[in-house]
Q: 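Take this structure first; my questions come after.
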Protein chains: 2
Amino acid sequence: MRVEEKSGTRARILEACRILFNERGPAEVTTAEIALAVGISEGNLHYHFRRKAQIVAALFDAFEAAIAEVASGSDANTPLDHDLTAWFNLMWEWRFLYAASVYRLSPGLQPRLKTISDENQARIRARLESLRRQGRLDASSADIERLVVNAWIVASYWIDYLRTRQGIAHVEREHLRWGLAQIRALFAPYLVDNAPARSFEPATFGC
Amino acid sequence: MRVEEKSGTRARILEACRILFNERGPAEVTTAEIALAVGISEGNLHYHFRRKAQIVAALFDAFEAAIAEVASGSDANTPLDHDLTAWFNLMWEWRFLYAASVYRLSPGLQPRLKTISDENQARIRARLESLRRQGRLDASSADIERLVVNAWIVASYWIDYLRTRQGIAHVEREHLRWGLAQIRALFAPYLVDNAPARSFEPATFGC
DNA sequence: GTCTATAATGAGATAGAC
DNA sequence: GTCTATCTCATTATAGAC
């Protein structure tokens with residue numbers, strides 16, 4: 001196992017970018033700013049990543065890996081809310097990847113985002129169909145289809161909504177609670193459980 | 001009544017920009033491109049609008065005026081679906097104003113967008129509360145609150161969703177039908193009516 | 001691997017002639 | 001009002017020394 005980089009500069013660049021991009025989006029962050037944040041020169045930055053789009057691509061790789069990990073940690077027995085919380089925490093860390101502007105900068109990533117979206121929607125759909133068969137969800141397949149898509153839309157865009165429509169300049173981690181509540185509200189009317197609070201209870205935000 | 005401009009160039013610029021911006025967003029459209037589309041020189045474009053942000057601001061004025069017009073054409077007796085359709089048609093014509101990037105270019109417009117959002121959400125909320133009092137809607141005030149926000153989010157972002165998550169490169173006017181159906185699905189479970197199709201029926205998309 | 005210095009882009013903005 | 005030509009500026013990209 002060879003040590004390929006002594007300094008770990010590459011990793012530091014990526015982590016700095018993840019944070020900066022989450023704050024303002026890749027298009028709004030200049031390479032000069034990135035270099036400054038990492039504490040290296042622009043020339044050195046260019047040595048590690050020839051183009052800004054390459055940084056975004058590398059971050060997207062990490063995003064996909066993180067998704068695979070969360071997905072592997074959940075099955076049909078995992079409580080719905082535990083799942084939801086895990087996904088929301090993940091999304092939070094990579095929220096910059098949910099903005100359309102990213103995919104104008106790096107069009108090649110768009111099919112991969114679509115794949116992620118397709119696979120996870122399928123996962124949720126299967127989960128809901130299963131609940132339906134258990135009699136815990138009162139919804140037709142058509143209802144479920146619309147529901148999954150609406151949940152996906154709200155989950156993808158609630159941060160932008162808070163920023164532009166509620167005037168919250170800096171959406172913070174605490175707002176996750178708000179976002180989760182919006183998602184829960186989508187499912188609530190279909191839940192048969194007379195104790196819906198049961199399936200959707202104590203959300204803890206780790207890390 | 002003085003004739004202030006013979007040629008109507010200003011109006012042509014605005015209309016060309018509305019269309020171009022709807023396709024790709026103001027940040028992606030260069031001034032050179034605008035001038036070309038209108039069939040004038042960049043210098044002349046600059047004579048009419050010194051900065052691109054001024055074009056966006058002028059378009060926002062027109063947007064506000066259009067909203068006021070639609071709002072004035074609806075009251076508590078207007079069928080819900082007629083209202084929804086009118087709003088969707090309006091949104092479609094000004095859809096570029098629903099992207100966050102616009103408000104990075106022209107931050108001054110953001111409070112005005114918030115006002116629009118606040119006022120119209122209040123309108124919808126009042127409408128739903130009224131339905132509830134009539135016994136036609138089975139939802140608590142808290143439900144209504146969540147519902148209105150979710151509807152607003154879906155209405156604001158469904159186009160971007162279709163583009164980036166469904167891979168539909170060119171979202172067309174026909175997709176309005178799809179968007180409307182998603183919104184209806186949000187309200188459906190709360191409607192008491194045994195004929196919910198009634199309140200939400202024939203949607204015609206006028207030009 | 002890292003730096004300094006410089007080139008190459010591309011966009012918006014502007015001056016001045018017609 | 002409209003054009004052509006030019007300027008400024010921010011940003012990305014690159015070369016070459018250490």
Side-chain angles (χ1 to χ4, degrees), chain A residues 1-21 23-60 96 99 101-109, chain B residues 1-21 23-60 96 99 101-109:
Chain A
M1 199 188 279
R2 217 179 310 119
V3 175
E4 295 194 342
E5 26 166 341
K6 277 205 184 73
S7 57
T9 304
R10 189 189 148 93
R12 279 166 52 226
I13 293 170
L14 289 176
E15 181 59 8
C17 283
R18 189 182 65 79
I19 292 167
L20 284 172
F21 292 174
E23 281 165 6
R24 275 175 303 140
E28 315 302 314
V29 178
T30 67
T31 51
E33 215 171 339
I34 296 168
L36 186 70
V38 183
I40 60 175
S41 71
E42 287 193 63
N44 190 13
L45 176 63
H46 185 262
Y47 167 79
H48 287 282
F49 296 96
R50 300 177 74 86
R51 321 192 166 274
K52 199 157 73 170
Q54 290 180 354
I55 302 181
V56 175
L59 287 171
F60 198 93
F96 81 92
S101 58
V102 173
Y103 303 91
R104 247 175 269 123
L105 192 69
S106 312
L109 299 179
Chain B
M1 196 189 280
R2 218 177 311 119
V3 174
E4 294 194 343
E5 27 164 342
K6 277 206 183 75
S7 58
T9 304
R10 187 189 150 93
R12 278 166 53 225
I13 294 170
L14 289 176
E15 181 59 8
C17 283
R18 188 182 66 78
I19 292 167
L20 284 172
F21 292 174
E23 281 165 7
R24 274 176 303 141
E28 316 301 314
V29 178
T30 67
T31 51
E33 214 171 341
I34 296 169
L36 185 70
V38 183
I40 60 175
S41 70
E42 287 194 62
N44 190 12
L45 175 62
H46 184 264
Y47 167 80
H48 287 282
F49 296 96
R50 301 177 74 87
R51 320 190 166 274
K52 198 156 76 168
Q54 290 180 354
I55 302 180
V56 175
L59 287 171
F60 199 94
F96 80 93
S101 58
V102 173
Y103 302 91
R104 248 175 269 124
L105 191 71
S106 312
L109 298 180

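Proteins get letters first, then strands, A, B, ... in listed order; numbering begins at 1 in each.
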Q: Nearest to the side chain of A:Arg50 - D:dT14, D:dT12, C:dT2?
A: D:dT14
Q: Just how far, in rounded Å, is P of D:dT11 from CG of A:Leu105?
A: 14 Å
Q: Hey, is B:Glu15 close enough to B:Arg12 for a salt bridge, meaning N to O under 4.0 Å?
A: no
Q: With respect to the side chain of B:Lys52, which nucleotide from D:dC3, C:dG12, D:dT12 is positioned closest?
A: C:dG12
Q: Between B:Ser41 and A:Val29, name the one whose nearest nucleotide on DNA chain D is closer to the 5' end.
A: B:Ser41
Q: Between the side chain of B:Glu33 and the main-chain N/O of B:Val29, is any donor-acceptor distance below 3.5 Å?
A: no
Q: May I have the distance from A:His48 (atom NE2) to C:dG1 (atom C1'), rounded to whole angstrom?
A: 6 Å
Q: From D:dA13, D:dT2, C:dT2, pick the nucleotide closest to the side chain of A:Arg51?
A: D:dA13
Q: Would you say C:dT2 has OP1 or OP2 under 4.0 Å from some side-chain N or O of A:Arg10?
A: no
Q: Take atom CG of B:Leu45 and atom P of D:dT4, then tell me their distance rounded to the nearest Å.
A: 14 Å
Q: Under a 4.5 Å cut-off applied to non-hydrogen side-chain atoms, are A:Val38 and A:Leu45 in contact?
A: no
Q: Closest approach to the side chain of B:Tyr47, judged atom by atom: which nucleotide of D:dG1, C:dC3, C:dG12 is it?
A: D:dG1
Q: Between B:Asn44 and D:dG1, is there a side-chain N or O to OP1/OP2 distance below 4.0 Å?
A: no
Q: Any side-chain heavy atom of A:Phe21 sitting closer than 4.5 Å to one from A:Val102?
A: no
Q: Rounding to a whole Å, what distance do you find between B:Glu42:CD and D:dT6:P?
A: 14 Å
Q: Could you state the CG-P distance from B:Leu36 to C:dA11, rounded to the nearest angstrom?
A: 13 Å
Q: Using a cut-off of strictly less than 4.0 Å, decide whether B:Thr30 has a side-chain nitrogen or oxygen near OP1 or OP2 of C:dA11.
A: no
Q: Mind calculating the distance between CZ (B:Phe49) and P (D:dG1) to the nearest angstrom?
A: 12 Å
Q: Heavy atoms, side chains only, cut-off 4.5 Å: are B:Arg24 and B:Leu20 in contact?
A: yes
Q: For D:dT14, does either OP1 or OP2 sit under 4.0 Å from a side-chain N or O belonging to A:His46?
A: yes
Q: Is any side-chain nitrogen or oxygen of A:Thr31 closer than 4.0 Å to OP1 or OP2 of D:dT12?
A: yes
